[in-house]
Amino acid sequence: MSKKVFIEHIAQDCLSQLNDDDKKHMKENPDPFQYHFGLGMFIRNNYIYGNNSIKFEFESPDDLSSEIIDRMLEILSEED
């Protein structure tokens with residue numbers, strides 16, 4: 001799986017787990033840095049750390065989770 005496909009898959013999966021209020025909050029607060037410790041930690045713990053199926057290179061788990069959050073915010077903004 002390419003990095004781009006991985007990011008898209010995880011972003012979609014995370015969004016499917018959010019309720020409407022959480023999605024609305026993200027749309028109204030699109031600064032990705034505020035999600036680093038909450039949502040970002042969830043993504044790192046559940047999708048990145050210990051995931052031996054990741055075959056592409058990435059700088060750090062923090063950077064990869066940030067890219068996923070950025071994609072989530074893009075998807076939400078595209079819904080409007």
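Residue numbers count from 1 along this sequence.
Comment: E79 does not engage K23 in a salt bridge, judged by the lack of any side-chain N to carboxylate O separation of less than 4.0 angstrom.
Cluster membership check: Y49 does not share its hydrophobic cluster with F56, using side-chain heavy-atom separations under 4.5 Å among Ile, Leu, Val, Met, Phe, Trp and Tyr.
Qualifying salt bridge (Lys or Arg N to Asp or Glu O under 4.0 Å) partners for E78, counting only residues two or more places apart in sequence or in other chains: R71.
Rounding to the nearest 0.5 Å gives a distance of 12.0 Å between NE2 of H9 and OG of S2. Note that the CZ atom of R44 and the OG atom of S66 stand 7.0 Å from one another [nearest 0.5 Å]. With rounding to the nearest 0.5 angstrom, the CD1 atom of I10 is 7.5 Å from the CG atom of N51. The CG atom of D31 sits 10.5 Å away from atom CE of M26, with the distance rounded to the nearest 0.5 Å.
At most 12 heavy atoms of other shown residues, nucleotides or ligands fall within 6.0 angstrom of atom NZ in K4. For K24, the NZ atom is loosely surrounded, since the number of other residues' heavy atoms within 6.0 Å does not exceed 12. Within a 6.0 Å sphere centred on CG of N19, heavy atoms belonging to other residues, nucleotides or ligands number more than 12.
Between S65 and I43, the closest heavy-atom pair is CB-CG2, 4.0 Å. Closest approach of N52 to K55, counting heavy atoms only: O-NZ, 3.1 Å.
F6 is listed as a side-chain neighbour of I54, based on a closest heavy-atom distance under 4.5 Å. Put simply, the side chain of Y47 does not reach to within 4.5 Å of the side chain of I68, judged on heavy atoms. Using a 4.5 Å heavy-atom threshold, the side chains of I7 and L64 count as touching.
None of P30, C14, P32 except one satisfies the side-chain contact (heavy atoms from CB on, under 4.5 Å) rule with M72; the exception is C14.
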Please tabulate, for the side chains in residues 33-42, all donor-acceptor contacts under 3.5 angstrom to protein atoms that are two or more places apart in sequence or on a different chain.
unit_1: Q34; atom_1: NE2; unit_2: N29; atom_2: O; d: 3.0
unit_1: Y35; atom_1: OH; unit_2: N29; atom_2: O; d: 2.5

